[in-house]
There are 2 protein chains.
Amino acid sequence: MRPPKIETEVLLDRLMDVLKSKGYEGASLNDLANACGLQKASLYHRFPGGKKDIVLAVLEHADKWLDKHVFQILKDSAKDPHDRLKKALRNTKAFYDEGEAVCIIRAMGLGTGIEIFGEELKGAIHKWLESLTTIGVDAGMKPGKAKQVAMKALVNIQGSLVVAKATESTTPFLSALKEIEETYGKV
Amino acid sequence: MRPPKIETEVLLDRLMDVLKSKGYEGASLNDLANACGLQKASLYHRFPGGKKDIVLAVLEHADKWLDKHVFQILKDSAKDPHDRLKKALRNTKAFYDEGEAVCIIRAMGLGTGIEIFGEELKGAIHKWLESLTTIGVDAGMKPGKAKQVAMKALVNIQGSLVVAKATESTTPFLSALKEIEETYGKV
DNA sequence: GTCTATAGGAAGATAGAC
DNA sequence: GTCTATCTTCCTATAGAC
């Protein structure tokens, strides 16, 4: 029982970086080991199921972060909707590295990834839609309208990240966030 | 010089299917060979540079198709903008398999793919934006507005495909196409 | 132009020492 | 808990027959 060379939180952050930029099939165990300074065998010790286990842990890690810094804030009905949205969007911006990053959902949603982690990805999408719908209702929209606006916001975030990546410019993503804030503002 | 077992057009279609669903790193030469009924060695005969050559050929193939069935139609200033848009969107829907498919731009935009094919992907995005801007102007928008609307339309398409894939429902994509048509309609 | 066979290397995964 | 060493499988790529 030696002390761990790297804390789990930091470890998962490093692993997530690799998975986001290389995708599920593209990220080799060597890549993952190098990124965190451990050997492959050490990764197998922490994640006995290998790469699949690593991805599941990373997805859960991301889910927890988002839950704390985005979803719960969006759903915190006690506070002012506009302030909550602003704060949640600021954290969203940080989560996606100001638009430089690839969404882990998208990175894992290709090839074998979608088959293995389909349920987790579906769950993540659902949480986004749910919390964005809640804040829409809190801002005064009818439930149907709020649901529609939530979907548009999510599509906007995901699409702008795709275009941002392909054009090597974060502008589309930053514009998308602004637009989302405005959409909820003028209810 | 035996006659080719499979025509280049059909071959590229089959290869593109694999690349879209598995991504660049995820698609092995075995996968690609199986999908078209050829052996790996035969693929190397047709594409001496291996997988990179295959992807470049597929991207060019997709580009040609889009140019003929989407971009040129959008830019054909002689005809009615609304008819052109409707036709182009119908073809877009077909290109993305009614929303079931992954965009080849997105599939190649991960990991090593973005490094190798970055220029091609950037070019593809540019053509989308250019032709969508043209039809916006033709429909009566000011150039600045048209550019903005074009970006929103592209983001909408890409984002809705991501969400559609993750939720296993084509609805987001089909809604996006409808929305785009409406946006250009009410100028 | 297509095929079988195979080289050479990198991948995921495990065994066992410390 | 981490490491080195190793196994096996799969990968890209090539050689050469038909």
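Lettering of chains follows the sequences in order, A, B, ..., and the numbering in each one begins at 1. What you see is a predicted model; the values in this text were computed from it and never measured.
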**Report entry** B:F95 six-ring face occupied by B:K20 cation (under 6.0 Å, within 45°)
**Finding:** yes

Query raised in the report: Are side-chain heavy atoms of B:K86 and B:H82 found at a separation under 4.5 Å?
Result: yes

Query raised in the report: Just to confirm, is there a sub-4.0 Å distance from OP1 or OP2 of D:dC10 to any side-chain nitrogen or oxygen of B:N30?
Result: no

Query raised in the report: Do you see a donor-acceptor pair shorter than 3.5 Å between the side chains of B:T167 and B:S169?
Result: no

Requested in this report: May I have the step-by-step check of side chain to side chain donor-acceptor pair (under 3.5 Å) for A:E100 and A:T170, ending in yes or no?
Outcome: CA-CA 6 Å; A:E100 305 247 357; A:T170 60; 5.7 Å; no

Requested in this report: Specify the separation, in whole Å, of atom CG of A:L29 and atom P of D:dC11.
Outcome: 15 Å

Query raised in the report: When all nucleic acid strands are considered with a 4.0 Å heavy-atom cut-off, which category describes B:A33: base, sugar-phosphate, or nothing?
Result: nothing

Report task. Send over the distance from A:Y24 OH to C:dA11 P, rounded to a whole Å. Result -> 14 Å

Query raised in the report: Given atom CG of A:L43 and atom P of C:dA15, what is their separation to the nearest angstrom?
Result: 17 Å

Query raised in the report: For B:K51 and C:dG9, what is the distance between atoms NZ and C1' respectively, to the nearest whole Å?
Result: 15 Å

Report task. May I ask you to verify if any side-chain N or O of B:Y44 is less than 4.0 angstrom from the OP1 or OP2 atom of D:dA13? Result -> yes

Report task. Answer yes or no on whether A:K152 is positioned over the face of A:Y184, meaning its NZ or CZ is under 6.0 Å from the six-membered ring centre and within 45° of the axis. Result -> no

For nucleotides 2-4 of chain C, print each protein N/O atom paired with a nucleotide N/O atom at under 3.5 Å, atom names and distance only.
{"residue": "C:dT2", "atom": "OP1", "partner": "B:K5", "partner atom": "N", "Å": "2.6"}
{"residue": "C:dT2", "atom": "OP1", "partner": "B:R46", "partner atom": "NH2", "Å": "3.0"}
{"residue": "C:dT2", "atom": "OP2", "partner": "B:R46", "partner atom": "NE", "Å": "3.0"}
{"residue": "C:dC3", "atom": "OP1", "partner": "B:K5", "partner atom": "NZ", "Å": "2.6"}
{"residue": "C:dC3", "atom": "OP2", "partner": "B:Q39", "partner atom": "N", "Å": "2.9"}
{"residue": "C:dC3", "atom": "OP2", "partner": "B:S42", "partner atom": "OG", "Å": "3.0"}

Query - Qualifying ring-ring contact (aromatic ring centres under 6.0 Å, His included) pairs, either residue in residues 17-64 of chain A, two or more places apart - result: A:Y24-A:F117

Query - Whole angstrom value for the distance that separates P of C:dG12 from CD of A:E25 - result: 10 Å

Report summary line: Whole-Å distance, A:I54 CD1 to C:dA13 C1', equals 12 Å

Query - Nucleotide C:dA11, atom C1' - distance to CG of A:L32 in whole Å - result: 12 Å

